[in-house]
*Asks:* 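Below you'll find the structure I mean.
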Protein chains: 2
Amino acid sequence: MSFPIRQLEAFRAVALKGSITRAAEEMAISQPAVSRLLSALSSSVEFELFQRVSGRLVPTREAEFLLREVERVLDNLGRIGQLTHDLSTRKAGHLRIACLPGFATSHLPKVLADFLSGRPNVTAVLEPDRPERILEWIIGEQYDCGITDEFAGHPTAESTTILMRTVCILPPGHPLAAKAEIWPADLARERIIHTRRDSGFYQRLSEAFALRNLRLGSHVETRQFTAACMLVAAGAGVSVVSEMDAREYEHRGLVIRPFRPDVPHRLSLLRPANARASLLALEFLDTFEKSLEPFRFR
Amino acid sequence: MSFPIRQLEAFRAVALKGSITRAAEEMAISQPAVSRLLSALSSSVEFELFQRVSGRLVPTREAEFLLREVERVLDNLGRIGQLTHDLSTRKAGHLRIACLPGFATSHLPKVLADFLSGRPNVTAVLEPDRPERILEWIIGEQYDCGITDEFAGHPTAESTTILMRTVCILPPGHPLAAKAEIWPADLARERIIHTRRDSGFYQRLSEAFALRNLRLGSHVETRQFTAACMLVAAGAGVSVVSEMDAREYEHRGLVIRPFRPDVPHRLSLLRPANARASLLALEFLDTFEKSLEPFRFR
DNA sequence: GAAAAAACATAACACTGAGTTATGAAATTG
DNA sequence: CAATTTCATAACTCAGTGTTATGTTTTTTC
C-alpha cells in the first residue's frame, strides 16, 4: 500500500511553508485542495503530522523523519522527467564502445572525449579488443558500437564501411622523401614494415605490387598502424599506413607521401543489427564517421 | 513535469515480465489497463521504450537506463508505506537522549541497547552533559528526552521525578559490614565520599546528620555516584549512593547496606513540554522508568 | 475583550486518470 | 493455415484531485 504522490507533495509543501495556504500557493492550486490532500494523508497515517504552534504548522518529530524520505522520493521522481528528456536528446545514457587496440590510443579517444564533454550525463566504456571478439560482443549486445577494419559483414551486425586514405611513410631524411609520390617500384628495395599477412589490407597492398611484377618485402610485421608509425619514425624502415594514423605521428619527424596506386584501408563501424541499438550509439557513430571525413578516400 | 506513478509501475512490470499480459497479472489489474498505461507513458517520452522480439517486449537501451531510475523511485516510495507504519508503532525514528555523565556509563546504556535491539530502524544519540545544558537543550528541542537528578521543574519541560533508593557502600572487609543497617552515627568517624556540596542529594543527606547533631564529614567530593563506587571499592572511604549504581559495582567487592533514615535520590526524566515530543521518546522514557522499578523508593 | 483578519475545513460540483468488460486486429505457434 | 496468444481500442464507471462558495476556528489588532 503506497501513498498518492499528490498527498506527499502537499505534505512536503506544508512542511516547507508552515501553512496550508502558502503551501497551496507553492503548489499553484487552491487552499481547499491542499487541505484535503493533507487530511487524507493524515488519516491514513497513524500518527500526527503537524502541531499548531502560534498559527504555524510545525511537523512532529515523526513527520520530520518521514519528510526526509518523502523528499528523496519526490526529488528522484522529479529527476525522471529530466532524465527522459536527456535520454531522448541523447544527453544521458551509457555507451559501450569496442575498438581495435590501435584505435584506443589515437584518434578515437579524442573524438570520444569531445563527444562526452557536451553530455555530462553520459558515461562510456571504451574497450580495446581483438576483431573477432568485437564482432562477437556486438552480436551479443555487450557493446553498443564497435570499430574494426576489413570487416567481412555479418547478418546480425549492422556495419558501415569507410575507405580511408593511406600514405607511404618514411623516416626523417630518407632519400625517397625527394619524390612527390611513392609507387610500388620505389619500395622494392626498402625495408618494409607492414600489417599481418592475413590482413585484408596487406593482401590488397601486396596485390598492387604483384600486378607490377614486384614483391612486397617484409622487414617487420605488426598488427597496428600506430606501431608501424613508431617503427618508421625510429628509422626501422618504411610503411604504408592510414593517413589518419600517420598524421598522429607526423610531429615525430615522419615524412608522409602519397602512395600510388590507391590502396585504401577499409574501416568498419559496427552496431547490433536489431533495433535495440541505442540512440546514443547511433549518434556517436555518426559523430565518429564525421570525424573521419578529412582522411576519407573518395 | 513528472510522470504518473502508475505509468512507471506499468513500465517496470512490463520490463520485468517482457509481456503486457503478464505485467497485468503481476499488477493484478486487467491487460487493457496496462496497455493503456504503457502507451500513455510511451507517448509522453520521445524515444521507444520497447522492441518486439519474437513476441517478447525487450526494453531499448534507453528504457534500460530509465528503468534503473524508475526502480529507485518506486522502491523508495514503497518503503514509505513501511516507514509510516514503523513510525506509528515506534519501530522507526531517531532518539536524542541527554543524560548526566554518570548515567552514560551504567544502567542507561543497557536499557537503551535493549530498547534498540527490537527496533532495527531506530537510531539514537546518547549525549552526556551537565544538568544545566540538559535542561536548556530539552527546552530548545535539541533533545527528545533528558535524564538528570534533583530537577527543580521548568514550565517548558515536562518532567517525571522518581525517588530512587540509596544505600551505604563500604569497602570489602570494612568493620561496619557487620551491621545490618547503617545510621548517620555509624559514619561519624568514617572517611566520607560524597557528591557536590551544592547538590540536592548532599544537602538532604547532611540534613539527616544535622538532625542528629552529627556532621557529615568529607574526604572526597565527586559529581558522580559511579565515581564514588569506584573510590569506595578501592578502599578510599565509604559513601551513600543510589542502590542502582551500587549494584553495578557490587562485583568489585563493594559491601552494600541499607542506610537509615531513607534519603532517596531524586531522579528526573525530562522531555520538551510541547506536543512535538516524539512517540518514540515517550515510549523510551516509559521503558526507562520501568527499568528503574527494582531500585525505586516506595 | 470585541472586532477584524487570516487560516483552515467542509460542501457541492467538474474533470481526468485509471479501472472494468467486450471485442477486433495482429503476431506466434503448431 | 488454423488455433492460440497477445495486444489495442472502445465504452463505460468510479475515485482522486481540481474548482468555487461558504462556514468555523484561530490569531491579530485596537
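Here is how names work: the chains are called A, B, and so on, in the same order as the sequence lines, proteins then strands, and each is numbered from 1.
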*Asks:* Not counting sequence neighbours, list each pair that qualifies as a salt bridge (Lys or Arg N to Asp or Glu O under 4.0 Å) and has a residue in residues 34-48 of chain B.
*Replies:*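 Applying salt bridge (Lys or Arg N to Asp or Glu O under 4.0 Å) to every pair that reaches into residues 34-48 of chain B, excluding sequence neighbours, yields nothing.
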
*Asks:* Please give, in whole Å, the distance from C:dT16 P to A:Arg6 CZ?
*Replies:*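 Value for this atom pair: 15 Å.
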
*Asks:* Tell me every residue that passes side-chain hydrogen bond (donor to acceptor under 3.5 Å, both in side chains) with B:Asp86, counting only those two or more places apart in sequence or in another chain.
*Replies:*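 Checked B:Asp86 against side-chain hydrogen bond (donor to acceptor under 3.5 Å, both in side chains); matches are B:Gln82, B:Asn121.
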
*Asks:* Is there any protein nitrogen or oxygen under 3.5 Å from a nitrogen or oxygen in nucleotides 9-13 of chain C, and what are the pairs?
*Replies:*
from	atom 1	to	atom 2	distance (Å)
C:dA9	OP2	A:Ser35	OG	2.6
C:dA9	N7	A:Gln31	NE2	2.9
C:dA9	N6	A:Gln31	OE1	3.2

*Asks:* Check the distance between C:dT16's C1' and A:Ile5's CD1 and give it to me in whole angstrom.
*Replies:*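 Value for this atom pair: 17 Å.
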
*Asks:* Out of C:dG19, C:dA7, C:dA18, which has the shortest distance to the side chain of B:Pro4?
*Replies:*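 Closest of the options to the side chain of B:Pro4: C:dA18.
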
*Asks:* Taking only side-chain N and O atoms of B:Ser30, does any of them lie within less than 4.0 angstrom of OP1 or OP2 on C:dT20?
*Replies:*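 Looking at the OP1 and OP2 atoms of C:dT20, one of them is under 4.0 Å from a side-chain N or O of B:Ser30.
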
*Asks:* What is the bend of the helix from C:dG1-D:dC30 to C:dG30-D:dC1 when you compare the axis at one end with the axis at the other, using five pairs each and rounding to 10°?
*Replies:*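 So the angle between the two local helix axes works out to 40°.
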
*Asks:* Can you sort out the partners of B:Asp286 under side-chain hydrogen bond (donor to acceptor under 3.5 Å, both in side chains), two or more places apart, ordered by chain and number?
*Replies:*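 B:Lys290.
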
*Asks:* Give me the first and last nucleotide of DNA chain D, going 5' to 3', that has any atom under 4.0 Å from a heavy atom of chain B.
*Replies:*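 Nucleotide range with atoms under 4.0 Å of chain B: D:dT6 to D:dA11.
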
*Asks:* Would you call the rings of B:His265 and B:Phe201 parallel, tilted or perpendicular, where under 30° means parallel and over 60° means perpendicular?
*Replies:*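 Perpendicular, since the angle between the ring planes exceeds 60°.
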
*Asks:* Check side-chain hydrogen bond (donor to acceptor under 3.5 Å, both in side chains) between A:Thr161 and all other residues, then give those that pass, not counting sequence neighbours.
*Replies:*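 Scan of A:Thr161 (side-chain hydrogen bond (donor to acceptor under 3.5 Å, both in side chains), adjacent residues dropped) gives A:Ser268.
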
*Asks:* Output all residues satisfying salt bridge (Lys or Arg N to Asp or Glu O under 4.0 Å) with B:Arg52, sequence neighbours left out; order by chain, then residue number.
*Replies:*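 None.
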
*Asks:* Under the side-chain hydrogen bond (donor to acceptor under 3.5 Å, both in side chains) rule, collect the residues that match up with B:Arg119, sequence neighbours excluded.
*Replies:*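 By the side-chain hydrogen bond (donor to acceptor under 3.5 Å, both in side chains) rule, B:Arg119 matches B:Glu283.
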
*Asks:* Mind calculating the distance between CD (A:Glu25) and C1' (C:dA7) to the nearest angstrom?
*Replies:*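 Between C1' of C:dA7 and CD of A:Glu25: 12 Å.
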
*Asks:* Using side chain to side chain contact (heavy atoms under 4.5 Å, CB included) as the criterion, list what pairs up with A:Glu127, not counting sequence neighbours.
*Replies:*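 With neighbours one apart ignored, the set is A:Val125, A:Tyr143.
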
*Asks:* Rounding to a whole Å, what distance do you find between A:Lys17:NZ and C:dA7:P?
*Replies:*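 Interatomic distance, NZ of A:Lys17 to P of C:dA7: 13 Å.
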
*Asks:* Show me the pairs that pass salt bridge (Lys or Arg N to Asp or Glu O under 4.0 Å) and involve residues 11-35 of chain B, at least two apart or across chains.
*Replies:*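 Pairs touching residues 11-35 of chain B that pass the test: B:Arg12-B:Asp75, B:Lys17-B:Glu26.
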
*Asks:* Identify, with sequence neighbours excluded, every residue that meets salt bridge (Lys or Arg N to Asp or Glu O under 4.0 Å) alongside B:Arg296.
*Replies:*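 For B:Arg296, the residues satisfying salt bridge (Lys or Arg N to Asp or Glu O under 4.0 Å) (neighbours in sequence not counted) are B:Glu289, B:Glu293.
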
*Asks:* Base, sugar-phosphate, or nothing for A:Leu38, non-hydrogen atoms under 4.0 angstrom?
*Replies:*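 Nothing: the residue A:Leu38, judged by heavy atoms under 4.0 Å, touches no strand.
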
*Asks:* Between C:dA18 atom P and B:Leu8 atom CG, what is the distance in whole Å?
*Replies:*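 Going from CG in B:Leu8 over to P in C:dA18 covers 10 Å.
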
*Asks:* Around atom NE2 of A:His154, are there more than 12 heavy atoms of other residues, nucleotides or ligands at under 6.0 Å?
*Replies:*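 Yes.
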
*Asks:* To the nearest Å, give me how far apart CZ (B:Arg56) and P (C:dT28) are.
*Replies:*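 That distance rounds to 13 Å.
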
